[in-house]
J.: 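Dumping the structure here so I can ask a few things about it.
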There are 2 protein chains.
Amino acid sequence: MMELTRKGEYAIRGIVYLAKQPAGKVVLVSEVAEATGVSQTFLAKIFQNFAKLGLVNSFRGTGGGFLLGRLPSRITLRQVVEAVEGPIIPNRCLTEEGACTRESLCMVHPVWRKIQSEVASILDAVTLEDLAKEKK
Amino acid sequence: MMELTRKGEYAIRGIVYLAKQPAGKVVLVSEVAEATGVSQTFLAKIFQNFAKLGLVNSFRGTGGGFLLGRLPSRITLRQVVEAVEGPIIPNRCLTEEGACTRESLCMVHPVWRKIQSEVASILDAVTLEDLAKEKK
DNA sequence: TTACTATGATACAAAAAAAGTGTCAAGTAT
DNA sequence: ATACTTGACACTTTTTTTGTATCATAGTAA
Ligand code: FES
Ligand code: FES
């Protein structure tokens with residue numbers, strides 16, 4: 001239950017790799033793909049999506065590639081995860097209307113709400129700066 | 001991300017329906033299915049699984065059906081969810097070995113660990129007794 | 001200009017998981 | 001016996017995940 005998909009895992013590995021680069025350094029997807037052991041074309045799509053959201057900046061042509069769109073300290077793990085996996089939604093009823101029994105009567109609802117906010121705040125508290133550090 | 005499947009939702013609806021019955025009352029899957037708006041055959045499989053795990057007791061033949069296997073206060077939401085969805089695992093590396101980069105070096109790992117234990121404890125804190133109550 | 005390089009956008013394909021159905025066997029009450 | 005109800009298991013359909021392939025677009029360099 002509640003499993004991150006491979007796409008999510010690849011996305012994290014890829015963007016953490018970027019975060020580990022010296023500031024301003026532009027790197028190729030092919031390099032990131034090789035370093036992280038991810039299919040290049042798959043990772044490319046993920047990064048393109050990041051670029052649309054401003055999480056990374058991209059440059060085309062010779063000498064092109066990707067780099068972080070903001071300071072590592074300004075990108076949270078939640079932003080990364082939600083960029084590829086969508087919002088954190090433990091139960092459909094939190095999006096669709098009337099999916100469960102009436103929301104106002106449903107005793108389970110507050111539980112999912114709580115899980116949603118707990119997970120969100122845990123992921124909010126972690127930035128790429130934290131993740132780029134070498135563990136001692 | 002982290003979405004409960006329909007099976008999980010049906011399972012909860014179904015067993016909460018059981019929990020709302022008077023103690024000792026045996027009910028048919030067909031009744032539960034109709035009351036909760038779930039396909040009977042699908043719910044039957046879910047309940048059979050519950051029975052194997054002892055979450056519910058079952059009786060075959062005329063007058064048969066299902067009832068809770070323990071007091072509602074002794075069945076947690078976590079037990080119900082894990083019965084159908086499997087253990088709470090936010091990232092593969094928490095099951096497989098060496099799925100991510102080396103666990104001991106990976107900075108992301110502790111985050112998933114924390115999410116895992118937070119979610120588990122939230123679900124542990126809720127019992128069928130709580131869920132069977134009518135909301136005021 | 002022309003060739004080369006790298007991302008951007010889509011469409012397509014294969015594989016896995018989820019969701020649901022069908023069939024028959026086994027146990028129980030009348 | 002027989003009508004009823006769960007148990008086990010194989011099967012199908014649909015949806016999601018996990019990619020691949022193709023071509024367009026933009027930038028660099030000669
Ligand atoms: S209405 Fe949200 S869980 Fe029931
Ligand atoms: S080893 Fe578990 S998240 Fe990296």
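Naming convention: chains lettered A, B, ... in sequence-line order (proteins, then strands); numbering from 1 in each chain.
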J.: Establish, with yes or no, whether the OP1 or OP2 oxygen of C/dA19 is under 4.0 angstrom from a side-chain nitrogen or oxygen of B/T5.
T.: yes

J.: Could you tell me the separation between the CD atom of A/E34 and the P atom of C/dA6, rounded to a whole number of Å?
T.: 14 Å

J.: Nearest-Å distance, CD (A/E31) to C1' (C/dT7)?
T.: 16 Å

J.: For C/dT21, does either OP1 or OP2 sit under 4.0 Å from a side-chain N or O belonging to B/T41?
T.: yes

J.: Measure the distance from CG on A/L4 to C1' on C/dA17 and round it to the nearest whole Å.
T.: 16 Å

J.: Tell me: CD of B/E85 to P of C/dA17, nearest whole Å?
T.: 14 Å

J.: With rounding to the nearest 0.5 angstrom, report the CG to CZ distance, A/L28 to A/F47.
T.: 11.0 Å

J.: Can you tell which of D/dT6, D/dA3, D/dG19 lies closest to the side chain of A/R6?
T.: D/dG19

J.: List in chain and number order the residues that pass ring pair (Phe, Tyr, Trp, His ring centres under 6.0 Å) with A/Y17, two or more places apart in sequence or in another chain; answer none if no residue qualifies.
T.: none

J.: Check this one for me: any side-chain N or O of A/Y10 less than 4.0 Å away from OP1 or OP2 of D/dG19?
T.: yes

J.: Nearest-nucleotide wise, let me know which of B/G61 and A/G65 is further upstream toward the 5' end of DNA chain C.
T.: A/G65

J.: Would B/L68 and B/L55 count as a side-chain contact (heavy atoms from CB on, under 4.5 Å) if you check the C-alpha gap in whole Å, the side-chain angles of each, and the deciding distance to 0.1 Å?
T.: CA-CA 6 Å; B/L68 288 188; B/L55 253 44; over 6 Å; no

J.: Tell me, yes or no, whether the heavy-atom count around B/R74 atom CZ, taken from other residues, nucleotides or ligands under 6.0 Å, exceeds 12.
T.: no

J.: Rounded to the Å, how far apart are A/R92 CZ and D/dT16 C1'?
T.: 11 Å

J.: Would you compute the distance between atom CG of B/N91 and atom CZ of B/R113 and round it to the nearest 0.5 angstrom?
T.: 10.5 Å

J.: Working to the nearest 0.5 angstrom, can you tell me the gap between B/E85 CD and B/R78 CZ?
T.: 14.0 Å

J.: Would you mind reading off the distance between A/E3 atom CD and C/dA18 atom C1', rounded to a whole angstrom?
T.: 14 Å

J.: For D/dT25, take OP1 and OP2 only and decide whether either is under 4.0 Å from a side-chain N or O of A/R60.
T.: no

J.: Under 4.0 Å from OP1 or OP2 of D/dT20: is there any side-chain N or O of A/S39 that close?
T.: yes

J.: Nearest to the side chain of B/T62, heavy atoms from C-beta on, is which of C/dT7, C/dT28, C/dA19?
T.: C/dT28

J.: Can you sort out which residues in residues 43-58 of chain B have a heavy atom within less than 4.0 Å of DNA chain C? Ascending by number, please.
T.: B/K45

J.: Please state how far atom CZ in B/F42 lies from atom C1' in C/dT21, giving the value in whole angstrom units.
T.: 11 Å

J.: Does any part of the side chain of A/V32, heavy atoms only, come nearer than 4.5 Å to the side chain of A/L18, both counted from C-beta?
T.: yes

J.: Rounded to whole Å, how long is the line connecting atom CD of A/Q40 with atom P of C/dG8?
T.: 13 Å

